[in-house]
Amino acid sequence: MHPVSVSLHPFTATPASVLIPRNAAVRNSINFAELGRAGRSNGNLAMNSIQNPARGSETFGTEDFTVGDKDAVVIVDHGSRRQESNLMLNDFVDMFRARTGYKIVEPAHMELAEPTIKDAFGKCVQQGASRVIVSPYFLSPGRHWKQDIPALAAEASKELSNIPYIITAPLGLHELMVDIMNDRIMYCLQHVAGDVDECKVCAGTGKCRLYS
């Protein structure tokens, strides 16, 4: 079975007047240092998004196309020689599994680290999966999404009796990405002002500071 590529639709930004208001109390509750704890709510809109998206969202009207018990989700990033970066994918997979309730969710790295895409496919089949949904933890639809990940997924599928699989679009231009970036900006401004500790990503690096 050939991988299915998902077409990207033109992005239309949501006007600021209809974005969900976020008061200071909510914003001050953001604690990015705790994002590694699976399923914990800490003010990040991306993890606490609306259950019924407004019409026009890419996720509207998908009730008939849900992930089933025999479906597995493989979340794949690029992979890094820096172990902390690879472990962050595990944290995200834990949050994703807890937030969605999907039965089979496995991490994978395209290169440089394990588990590989082939490893993840194997773990999914061992857990009873009959179809694998490969979801790239990538921002843009570049060469890795267009060529490398499909090739690796095809190889993994072939070694597992041609198990069917789907490759979804990358994160790309989604409205919730605006909220995620804005949360990062707001938190870093609070840190520079001395109101909060460094987030988990920046901790110990000294990068989140005012340069002059």
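For the single chain, residues carry numbers from 1 onward in sequence order. Because the structure is a prediction, the values reported are computed rather than measured.
For Asp77 and His109, the side-chain atoms include at least one donor-acceptor pair closer than 3.5 Å.
Looking at Asp197 and His191, their side chains never come closer than 4.5 Å, going by heavy atoms from C-beta outward. At least one side-chain heavy atom of Ile104 sits under 4.5 Å from a side-chain heavy atom of Cys124. With contacts defined as side-chain heavy-atom distances shorter than 4.5 Å, the pair Ile149/Val76 qualifies. Arg131 is not listed as a side-chain neighbour of Lys70, based on a closest heavy-atom distance of 4.5 Å or more. Between Lys123 and Gln127 the shortest side-chain heavy-atom distance falls below 4.5 Å. Side-chain atoms of Val67 and Thr100, non-hydrogen and from C-beta on, never get closer than 4.5 Å to each other. With contacts defined as side-chain heavy-atom distances shorter than 4.5 Å, the pair Thr168/Pro136 qualifies. The shortest side-chain heavy-atom distance between Ser130 and Ile163 does not fall under the 4.5 Å cut-off.
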So Val74 and Ser135, side-chain contact (heavy atoms from CB on, under 4.5 Å) or not? Walk me through it.
-> CA-CA 6 Å; Val74 170; Ser135 187; over 6 Å; no
Chi angles and distances behind the side-chain contact (heavy atoms from CB on, under 4.5 Å) call for Tyr137, Leu171 | CA-CA 7 Å; Tyr137 195 48; Leu171 299 175; 4.1 Å; yes
Output, in order, the C-alpha distance, side-chain angles, deciding distance and verdict of side-chain contact (heavy atoms from CB on, under 4.5 Å) for Ile75 and Leu89.
-> CA-CA 8 Å; Ile75 300 177; Leu89 179 65; 3.9 Å; yes
Under the salt bridge (Lys or Arg N to Asp or Glu O under 4.0 Å) rule, what do Asp69 and Lys103 come out as? Steps first, then yes or no, please.
-> CA-CA 6 Å; Asp69 289 342; Lys103 182 179 177 181; 5.9 Å; no
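Interatomic distance, Glu155 CD to Leu160 CG, rounded to the nearest 0.5 Å: 10.5 Å. Put simply, CE on Met88 and CD on Gln83 are 12.0 Å apart, with the number rounded to the nearest 0.5 Å. Atom-to-atom distance recorded for Met181:CE and Ile185:CD1 is 6.5 Å, nearest 0.5 angstrom. Considering NE2 of His174 and CD1 of Ile180, their distance stands at 9.5 Å, rounded to 0.5 Å. Note that SG of Cys188 is 10.5 Å distant from CG of Asp183, once rounded to the nearest 0.5 Å. Rounding to the nearest 0.5 Å places SG of Cys202 at 12.0 Å from CZ of Arg209.
For the residue pair Ala120 and Ala108, the shortest heavy atom distance occurs at CB-CB, 3.8 Å. Taking all atoms of both residues into account, the shortest heavy-atom contact from Ile167 to Ala153 is CD1-CB, 4.2 Å. For Arg143 against Asp148, the heavy-atom pair with the smallest separation is NH1-OD2, 2.9 Å. Here the closest non-hydrogen pair linking Asp179 and Glu175 is OD2-O, 3.7 Å. Nearest heavy atom pair, residue Ser80 against residue Asn86, reads O-ND2, 2.7 Å.
Hydrophobic clustering (side-chain heavy atoms under 4.5 Å, transitive across Ile, Leu, Val, Met, Phe, Trp, Tyr) groups Leu139 together with Phe92. Linking ILVMFWY residues whenever their side-chain heavy atoms come closer than 4.5 Å, directly or via other members, places Phe96 and Met177 in the same cluster. Leu112 and Val134 are not part of a single hydrophobic cluster, where members link through side-chain heavy atoms under 4.5 Å apart.
Using bins of under 30°, 30° to 60° and over 60° for the plane-to-plane angle, the ring pair His78/Phe138 lands in the tilted bin.
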